[in-house]
Protein chains: 4
Amino acid sequence: MTSKKNEKYHMILQGALKVFAENGYHRSQVSKIAKAAGVADGTIYLYFKRKEDILIRLFQEKLGELVGKFHASVEGTSGAVEALRTVCSIHFSELESNPELAYVTQIELRQSDLELRKEIGSALKPYIVLIENILEQGIREQTFRSDLNVKLVRNLIFGAMDEAVTSWLISGRKYSLSEQVEETLEFFLNGVSSRK
Amino acid sequence: MTSKKNEKYHMILQGALKVFAENGYHRSQVSKIAKAAGVADGTIYLYFKRKEDILIRLFQEKLGELVGKFHASVEGTSGAVEALRTVCSIHFSELESNPELAYVTQIELRQSDLELRKEIGSALKPYIVLIENILEQGIREQTFRSDLNVKLVRNLIFGAMDEAVTSWLISGRKYSLSEQVEETLEFFLNGVSSRK
Amino acid sequence: MTSKKNEKYHMILQGALKVFAENGYHRSQVSKIAKAAGVADGTIYLYFKRKEDILIRLFQEKLGELVGKFHASVEGTSGAVEALRTVCSIHFSELESNPELAYVTQIELRQSDLELRKEIGSALKPYIVLIENILEQGIREQTFRSDLNVKLVRNLIFGAMDEAVTSWLISGRKYSLSEQVEETLEFFLNGVSSRK
Amino acid sequence: MTSKKNEKYHMILQGALKVFAENGYHRSQVSKIAKAAGVADGTIYLYFKRKEDILIRLFQEKLGELVGKFHASVEGTSGAVEALRTVCSIHFSELESNPELAYVTQIELRQSDLELRKEIGSALKPYIVLIENILEQGIREQTFRSDLNVKLVRNLIFGAMDEAVTSWLISGRKYSLSEQVEETLEFFLNGVSSRK
DNA sequence: CATGAATGAGCGTTCATTCAT
DNA sequence: GATGAATGAACGCTCATTCAT
């Protein structure tokens, strides 16, 4: 039994995802979101404090689902390398299979000022920490270098994946993103140098 | 030779940089920019088509300078590794020493829709190509792996540096960005794996 | 005998008096009144047609009580002068001892359009008539001038008292209102001229 | 030469007076005022901070004119009695001959919260002081009682005149207001008591 | 070229009122 | 009768852009 109580809440988020993806945040009037969600304009304000809140909550909700999937999948992996592959694989495939979400996270979510960016940052924290944990696990396993600056490298890895997604999106999604998982992983593991 | 003709043009860009950094793009009214630049509101429209144009041209102008510096510096380098170090070093140090510019490129510039993002992308192209060239040079030198997907890896490298800058900025610039050049480079060259 | 049936009606009026006094009519949302009254929003509409009705009925109810007190007290007075003193005394002391009511009658009740003003006027009628009757009584007693324009003078007297209350209220209730009864009465009886 | 610069300012005030009188403050949309003034909506905000400001400034402007007339007329009067007659006469006749203004001052201006009431009060101050000065003059001349509480009596006088105007207005202006000047003055000077 | 007063489209948000439960 | 979630009309205000001077 889906809680009747949150029905409208999710309808609004669903509508917002669609409208944001189609028009971009700033061109998405609240009334347009309401119509897409099948509710009255005012109803939105029973569930969200202001328009910006919809964007934040949408992100948190979706990111929560993603982090959940990561955790579920990573648990079944044997080592840090495998875990990192899983993270990259899910990151790419989830966004690839959900272009609307990809659009919102990669483009629209950036359309916000410093204040909002910080909120987004904190919502992103569990994901960043997940990567950090994998790095530390790898170090303990001696699979990864012990002199890694994990705080820096986790950011480099996240930034690299993030840019890969954005580029794929801006290109018009002309190629397969998930097929790049192995090459991306290879870069994370071994960098660009040729083995001597 | 700075032509008298373009004096106001640059004053406006200068004012815009200051105002964008202080208030963010959406809170930067054209009249505020005009005041900072010491011109009348209407004058801005003699040099720029729309408000958005100011942002784009600002970015192009500044990025052009940066790419110029890269080229100048990279020319004097002996190998691909050294070239990559130079790129990363300039990328970090330029933005570190110019927080206003950093703020605009990392935060404000993202506040734009797909249309603008594409324009930014094309302005960014020469820089991306620069990185790509270095990768190809490294492959020719046999310093880098020959099986590199250069289109992908250049993006990963750019994305990683970009995220490093944004994180530093959002943290409140509490640590030194340029001191992370070596560790970042080490990651680019060798990844996270421990050498066996 | 307070009928059970009207319990909620009075709770709403009570809540409204409190909320109006605290926030002013326009900033008193119906939901706020409902909460103060301990009923649901919709319940209010079982007892009142519109929000404005609450204001009117509140006024009528309170004014009715006041006029009742006037009549009760005036009945026991011997002459017109004494009756006028009683009216002024009750007018000042009742509002002084009930600042919430004073606030609503002197400030909030004025926030209404011509339509409402007329309704208020008719609710006020019995009070104005009371003053008129006292004037006529005084004329019969030959205590008051026989050439008085009673319709005009009753208004002047009411307006003077009304302004005295409003001034006291706007001053922040920094002085005693009821201590001004004698001086006010002196003015009503003898005006400003020195006796020759 | 009427200053061209303030042309729009006065057009807006003029339009507002008309619209307020016709519809009441709360039913007077800014766009309606703009249309009546023959300017664009936005233009209003070049001259007024917010809608409420229009009401305040309108009042101040008109009251200033009135106080000016009082001063000009009072100067030519010989004694306090004559001065008081002039004040009452101008008060009644100005509002009688300008029903729109009367409506706004007596009805619409009261539709405001405590904050605004205080601003109105301070705009009204010079007028109240004018009455106070006349009272003091009368005391010096020994025309008025020396034991007058001038702060109280000036309010009583103002309140009495104010109510006289409001009653006349609410009655539908069915009788002549200025014809009541003498009777009103008689009340101010000698009260209601019959001379013994 | 430069100005800056004027424009007016555009939109987030509130809140009195309704009505299915 | 009582509830309170849902409604949606209504509007003040902002600000990018224009254009007469």
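First the proteins, then the strands, lettered A, B, ... as listed; each starts at 1.
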Exercise. Grab the CG-C1' distance between D:Asp41 and E:dA9 for me, whole Å please.
Key: 10 Å
Practice problem: Supply the atom-to-atom distance A:Leu17 CG to A:Glu61 CD, rounded to the nearest 0.5 angstrom. | Solution: 11.5 Å
Quiz prompt | For F:dT21, the Watson-Crick or wobble partner whose two distances fall under 3.5 Å | solution = E:dA2
Practice problem: Check whether any side-chain nitrogen or oxygen of D:Tyr45 sits under 4.0 Å from OP1 or OP2 of F:dC15, and answer yes or no. | Solution: no
Quiz item: Is there a donor-acceptor pair closer than 3.5 Å between any side-chain N or O of A:Tyr25 and the backbone N or O of A:Val104?
Solution: no
Self-check item: Atom pair distance, as rounded to whole Å: NZ in B:Lys49 and P in F:dT18
Solution: 11 Å
Self-check item: Gap between atoms CD1 and P, on D:Ile44 and F:dC11 respectively (whole Å)
Solution: 14 Å
Self-check item: D:Lys18 atom NZ, over 12 foreign heavy atoms within 6.0 Å
Solution: no
Self-check item: Of residues 32-40 of chain D, the positions that come close to DNA chain F - non-hydrogen atoms, cut-off under 4.0 Å
Solution: none
Quiz item: So does B:Lys8 get a side-chain nitrogen or oxygen closer than 4.0 Å to the phosphate oxygens (OP1/OP2) of E:dA2?
Solution: yes
Quiz item: Okay, side chain of C:Gln106, backbone of C:Leu169: is any donor-acceptor separation there less than 3.5 Å?
Solution: no
Practice problem: Would you kindly give the NE2-to-P distance between B:His26 and E:dC11, to the nearest whole Å? | Solution: 13 Å
Exercise. Please tell me which of B:Leu46 and A:Ser28 maps to the more 5' nucleotide of DNA chain E, matching each residue to the nucleotide holding its nearest heavy atom.
Key: B:Leu46
Quiz item: Do B:Arg57 and B:Tyr9 have side-chain N/O donor and acceptor atoms under 3.5 Å apart?
Solution: yes
Quiz item: Can you check the D:Phe48 CZ to F:dT14 C1' distance for me, whole Å?
Solution: 18 Å
Quiz item: Counting N and O atoms only, with roles assigned by atom type, does the side chain of C:Thr43 sit under 3.5 Å from a partner on the main chain of C:Val39, one being a donor and the other an acceptor?
Solution: no
Exercise. To the nearest Å, give me how far apart CZ (B:Arg50) and P (F:dT18) are.
Key: 11 Å
Exercise. Establish, for the pair D:Lys51 and D:Tyr45, whether the NZ or CZ atom is under 6.0 angstrom from the six-membered ring centre and no further than 45 degrees off its axis.
Key: no
Quiz prompt | Distance below 4.0 Å between A:Lys51 side-chain N/O and E:dC11 OP1 or OP2 | solution = no
Quiz item: In whole angstrom, what separates D:Glu52's CD from F:dC11's C1'?
Solution: 15 Å
Exercise. Hey, which sits more toward the 5' end of DNA chain E by its nearest nucleotide, A:Val30 or D:Thr43?
Key: D:Thr43
Practice problem: Check the distance between F:dT17's C1' and B:Ile54's CD1 and give it to me in whole angstrom. | Solution: 12 Å
